[in-house]
Amino acid sequence: MSKYAKYADLMKLTTEYALRMNRLSNRIFGEVVRPTNSKSLKVVKIFSEEPRNLKREIFAYYPRHVETGKLMMRLRNYGLYRDEHEDFREEMQRLRELRGKAKNTRKPRKAAQQNE
């Protein structure tokens with residue numbers, strides 16, 4: 001009989017020594033020290049998990065909107081993507097300019113100073 005088998009048989013006994021060694025073993029290996037009910041085990045499981053705010057699937061849930069938007073604009077400029085809303089806005093701006101109702105846009109200060 002191996003030494004491990006003897007140890008396992010010892011742990012099954014209900015002697016005070018066996019109980020104390022079993023508790024020590026549980027403490028060492030991070031298990032529940034004393035027998036507990038299922039509700040308490042659920043609490044132990046929750047506290048043993050990684051905190052929610054450190055889980056990657058929680059804090060990195062939303063996609064990278066800024067980078068995605070810039071990528072789609074670049075693809076639109078290449079003609080590989082069709083943004084119907086932006087097309088509509090450009091068409092409305094074009095028609096407004098044809099009617100002579102275009103909004104006045106300010107010239108940047110640097111361009112205004114260079115012209116003088």
Side-chain angles (χ1 to χ4, degrees):
M1 197 177 229
S2 71
K3 290 183 180 180
Y4 180 75
K6 287 181 186 176
Y7 176 76
D9 290 338
L10 252 178
M11 289 299 112
K12 290 178 188 173
L13 296 176
T14 57
T15 63
E16 183 65 28
Y17 175 76
L19 290 175
R20 290 175 68 199
M21 285 298 114
N22 201 6
R23 288 180 191 150
L24 178 63
S25 171
N26 288 343
R27 244 188 224 136
I28 290 171
F29 294 112
E31 299 170 4
V32 180
V33 178
R34 297 173 188 257
T36 56
N37 59 6
S38 61
K39 283 187 177 181
S40 297
L41 285 177
K42 185 177 180 183
V43 172
V44 170
K45 180 180 169 250
I46 289 170
F47 280 117
S48 66
E49 289 178 353
E50 186 179 12
R52 295 188 120 223
N53 63 335
L54 297 179
K55 289 184 178 179
R56 180 151 181 82
E57 59 269 11
I58 300 293
F59 76 83
Y61 177 74
Y62 293 103
R64 306 180 83 175
H65 292 295
V66 175
E67 292 85 351
T68 306
K70 288 180 181 177
L71 173 68
M72 298 313 268
M73 288 304 289
R74 182 167 286 177
L75 289 174
R76 181 175 180 269
N77 291 338
Y78 291 150
L80 299 173
Y81 172 71
R82 196 97 176 136
D83 186 358
E84 292 181 7
H85 179 66
E86 195 63 32
D87 292 345
F88 176 79
R89 289 174 56 188
E90 286 178 359
E91 181 64 17
M92 290 297 111
Q93 182 65 30
R94 188 183 70 82
L95 293 175
R96 205 175 287 125
E97 288 171 1
L98 287 175
R99 290 193 313 264
K101 304 269 185 168
K103 292 182 180 178
N104 293 336
T105 56
R106 267 189 153 171
K107 294 180 183 176
R109 288 185 159 246
K110 289 181 182 178
Q113 288 174 357
Q114 289 175 356
N115 290 340
E116 292 177 0

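Source: prediction; values computed, not measured.
Atom CG of Leu80 sits about 10.0 Å away from atom CE of Met72, to the nearest 0.5 Å. A distance of 10.0 Å separates CD1 in Ile58 from CD in Glu50, rounded to the nearest 0.5 Å. With rounding to the nearest 0.5 angstrom, the CD1 atom of Ile28 is 8.5 Å from the CE atom of Met21. Rounded to the nearest 0.5 Å, atoms CG (Asp83) and CG (Leu75) are 11.0 Å apart. Here the CD atom belonging to Glu90 is positioned 9.5 Å from the CD atom belonging to Gln93, to the nearest 0.5 angstrom.
Arg20 has its side chain out of reach of Leu24: every pair of non-hydrogen atoms, C-beta onward, lies at least 4.5 Å apart. The side-chain heavy atoms of Asn26 and Arg23, taken from C-beta on, include no pair separated by under 4.5 Å. Looking at Lys42 and Lys45, their side chains never come closer than 4.5 Å, going by heavy atoms from C-beta outward.
Between Glu91 and Arg94 there is a salt bridge, since at least one side-chain N of the basic residue sits less than 4.0 Å from a carboxylate O of the acidic one.
The aromatic rings of His65 and Tyr62 sit tilted relative to each other, their planes meeting at an angle between 30° and 60°.
Under the 4.5 Å side-chain heavy-atom criterion for ILVMFWY residues, a single connected hydrophobic cluster contains both Tyr78 and Leu71. The cluster map of Ile, Leu, Val, Met, Phe, Trp and Tyr, joined by side-chain heavy atoms under 4.5 Å apart, puts Val66 and Met73 in different clusters. Hydrophobic clustering (ILVMFWY, side-chain heavy atoms < 4.5 Å, transitive): Met92 and Leu98 are in one cluster.
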Pair Glu86-Arg89, salt bridge (charged side-chain N to carboxylate O under 4.0 Å, His left out): steps then yes or no: CA-CA 5 Å; Glu86 195 63 32; Arg89 289 174 56 188; 3.6 Å; yes

Criterion side chain to side chain donor-acceptor pair (under 3.5 Å) on Asn37 and Ser40, from CA distance to verdict: CA-CA 6 Å; Asn37 59 6; Ser40 297; 2.9 Å; yes

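No more than 12 heavy atoms of other residues, nucleotides or ligands sit less than 6.0 Å from atom CZ of Arg27. The number of heavy-atom neighbours closer than 6.0 Å to CZ of Arg99, taken from other residues, nucleotides and ligands shown, is above 12. The environment of Arg74 atom CZ is sparse: at most 12 non-hydrogen atoms of other residues, nucleotides or ligands sit within 6.0 angstrom. The number of heavy atoms from other shown groups lying within 6.0 Å of NZ (Lys70) does not exceed 12. In this structure, Phe59 places its CZ atom where more than 12 heavy-atom neighbours from other residues, nucleotides or ligands lie under 6.0 Å away. Counting non-hydrogen atoms of neighbouring residues, nucleotides and ligands closer than 6.0 angstrom, the CD atom of Glu57 exceeds 12 such neighbours.
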